[in-house]
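Notes to accompany the following structure.
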Amino acid sequence: MDICEQSPTYIRAIAPYEPGKPISELAREYGLDERSIIKLASNENPLGFSPRAREAIERELAEVPRYPDGNAFALKAALSKRFGKPMASIVVGNGSNDLLELVASAFLAPGRASVFSQHAFAVYPLATQARGARSIVVPAKNFGHDLPAMLAAITPETRVVFIANPNNPTGTFVDAGDMEAFLGKVPGDIVVVVDEAYTDYLPPERRYDCARWLDTHRNLVVTRTFSKVYGLAGLRVGFALCDPGVADLLNRVRQPFNVNSLALAAATAALEDREFVERSFQMNREGMLQLERGFDALGLEYIPSCGNFISVRIPRAGGDGKPQAGAVFERLLRLGVIVRPVAGYQMPDHLRVTVGLPQENEGLLGALRKILKD
Ligand SMILES: *Cc1c(COP(=O)(O)O)cnc(C)c1O
């Protein structure tokens, strides 16, 4: 018998995550100059990262031979101060992806299920499947989460509900009132993960303090990341705010040293650089307007987004009516522009574009113009 067949069927059924194409790979494949390539594929921060984080990394380099602080004391202390929550209710992860996996490890197993929306972040089905649990996928409404339908989809086997707010790749957002009402209705013995990876990009009037709800909802787990507005995607660091009892469970299933020392130092410093975050927010807002205006001028529809990315609809070809997004993605690659196809999210007509620097956005729009008007 083949050794691979010894792996549980639910592991063998995992469909691998498809990451954005790296710049180096595209340069190799098409013989392009790396410096001329525009990558708007992975919702990274086009401004880079905080100089304070860079200094912290340089200071921390000398400590590389030592194991990191497995309790992440300094980062948790800074987060505790920022969010007004005890350190016992904070869990750090190797990216917030790690925290999603930890929740799945702690609460899912064969015979159990998670609930999430159609078009939701790809890690939810992966984390669920890897525990042999079942994914209950609820049809989206106007590309967004249909919370009443998600509530109705909860079964006796359900232990976790995943909600990305804003959601990736749709950029849709559930307002505070609806979220609070939902939390009030979900049975208290089901974990609700609110994944707030893009929360810093919300317009001020739509922001809400999810952490406030932790006092009344012990089943709530809020996840945040340093990968997006803080620009530390390559270092892998994120955190969860939750009930101390839940935090204790997540800490039991995590690796003892899941976040490396450079990431811990950088995140702690980055958290204090409010100016960098503000600048990133402003640049994103302007870039989003630039892209929206550009898409309007090209007659392209898009899903209004609350994140640092936007999904634009590529019209189908006249005759056979087949989706063209894949072909446009390929042609963009040849022009040195990397965006993200989202057919794997049941959005075969859309391409997800990360908001870049003004000249990068212009580069993408120019390339699209060329392709669509040919
Ligand atoms: C990017 C993203 C994350 C963050 O991933 P990291 O592991 O922290 O880099 C989490 N959730 C969603 C919805 C995302 O798009």
Side-chain angles (χ1 to χ4, degrees), residues 17-20 22 39-46 49 53 72 75 79 90-105 114 116-128 130 137 140 143-145 160-174 179 192-202 210 221-242 250 254-255 258-260 262-264 266-267 270-271 277 280 284 303 305-311 339-342 344-345 347 350 352-355:
Y17 181 80
E18 285 180 35
K39 185 183 180 215
L40 302 174
S42 301
N43 302 346
E44 294 148 341
N45 189 329
F49 67 112
L75 178 56
L79 290 168
I90 302 168
V91 183
V92 297
N94 192 248
S96 56
N97 196 144
D98 194 19
L99 293 152
L100 302 171
E101 294 283 344
L102 296 181
V103 169
S105 284
S114 70
F116 51 86
S117 177
Q118 179 191 20
H119 315 308
F121 188 41
V123 169
Y124 312 149
L126 286 173
T128 301
V137 185
F143 291 104
H145 292 82
V160 180
V161 177
F162 289 108
I163 300 179
N165 205 34
N167 183 49
N168 170 17
T170 57
T172 51
F173 178 69
V174 174
M179 188 63 92
V192 178
V193 177
V194 180
D195 175 348
E196 298 190 336
Y198 301 99
T199 200
D200 300 282
Y201 292 108
L202 288 170
C210 209
V221 176
V222 181
T223 62
R224 297 274 186 105
T225 182
F226 284 94
S227 298
K228 306 285 157 63
V229 84
Y230 292 99
L232 301 178
L235 286 177
R236 316 300 307 126
V237 52
F239 61 96
L241 302 171
C242 57
L250 301 187
R254 75 175 169 86
Q255 289 181 31
N258 60 335
V259 185
N260 72 74
L262 301 184
L264 288 173
L271 195 64
V277 170
S280 302
N284 186 68
I303 308 169
S305 170
C306 289
N308 66 340
F309 56 87
I310 182 165
S311 286
V339 298
R340 188 69 149 265
V342 283
Y345 288 87
M347 293 165 64
H350 286 82
R352 193 193 68 192
V353 178
T354 302
V355 177

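Counting starts at 1 for both ligands and their atoms, in listed order.
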> Atoms of ligand 1 less than 4.0 Å from Asn168 heavy atoms?
Replying inline: 13 (C), 14 (C), 15 (O)
> By side-chain hydrogen bond (donor to acceptor under 3.5 Å, both in side chains), which residues pair with Asn284, not counting sequence neighbours?
Replying inline: none
> So do His350 and Thr170 actually touch side chain to side chain, heavy atoms under 4.5 Å?
Replying inline: no
> Heavy atom of Gly95 under 4.0 Å from ligand 1?
Replying inline: yes
> Which one holds for Asn97 and ligand 1: side chain close, backbone close, both close, or neither close, with close meaning a heavy atom under 4.0 Å?
Replying inline: both
> Heavy-atom distance to atom 7 (O) of ligand 1: which of Glu196, Glu44, Arg236 wins?
Replying inline: Arg236
>> Minimum heavy-atom separation for Val342 and Pro169, please, with both atom names.
In response: CG1-CB, 3.8 Å
> What atoms of ligand 1 come within less than 4.0 Å of a heavy atom belonging to Ala197?
Replying inline: 2 (C), 3 (C), 10 (C), 11 (N), 12 (C), 14 (C)
> Looking just at side-chain N and O atoms, do Asn168 and Arg352 make a donor-acceptor pair shorter than 3.5 Å?
Replying inline: yes
> Can you name the nearest heavy-atom pair linking Ala72 to Leu264, along with the distance?
Replying inline: CB-CD2, 3.7 Å
>> Return the closest protein heavy atom for atom 11 (N) of ligand 1 as residue, atom name and distance.
In response: Asp195 OD2, 2.7 Å
> Against heavy atoms of Ser227, which atoms of ligand 1 measure under 4.0 Å?
Replying inline: 6 (P), 8 (O), 9 (O)
> At their closest point, which heavy atom of Asn308 faces which heavy atom of Asn43, and how far apart are they?
Replying inline: ND2-O, 3.0 Å
>> Students should be able to answer this: which protein heavy-atom is nearest to atom 4 (C) of ligand 1, and at what distance?
In response: Ser96 OG, 3.1 Å
Run the side-chain donor-acceptor check on residues 116-128: report pairs under 3.5 Å with partners two or more places apart or on a different chain.
| from | atom 1 | to | atom 2 | distance (Å) |
| --- | --- | --- | --- | --- |
| Gln118 | OE1 | Ala140 | N | 2.9 |
| Gln118 | NE2 | Gln346 | OE1 | 2.8 |
| His119 | ND1 | Tyr345 | O | 2.8 |
| Tyr124 | OH | Asp195 | OD2 | 2.7 |
| Thr128 | OG1 | Ser114 | OG | 2.8 |
| Thr128 | OG1 | Tyr124 | O | 2.7 |

> Which of the atoms in ligand 1, numbered in the order shown and given with their element, are less than 4.0 Å from a heavy-atom of Lys228?
Replying inline: 1 (C), 2 (C), 3 (C), 4 (C), 14 (C), 15 (O)
> Minimum heavy-atom separation for Leu99 to Ala240, with atom names?
Replying inline: CD1-N, 3.5 Å
>> With a 4.0 Å cut-off on heavy atoms, is Asn43 in contact with ligand 1?
In response: no
> At under 4.0 Å between heavy atoms, which part of Tyr198 makes contact with ligand 1: side chain, backbone, both or neither?
Replying inline: side chain
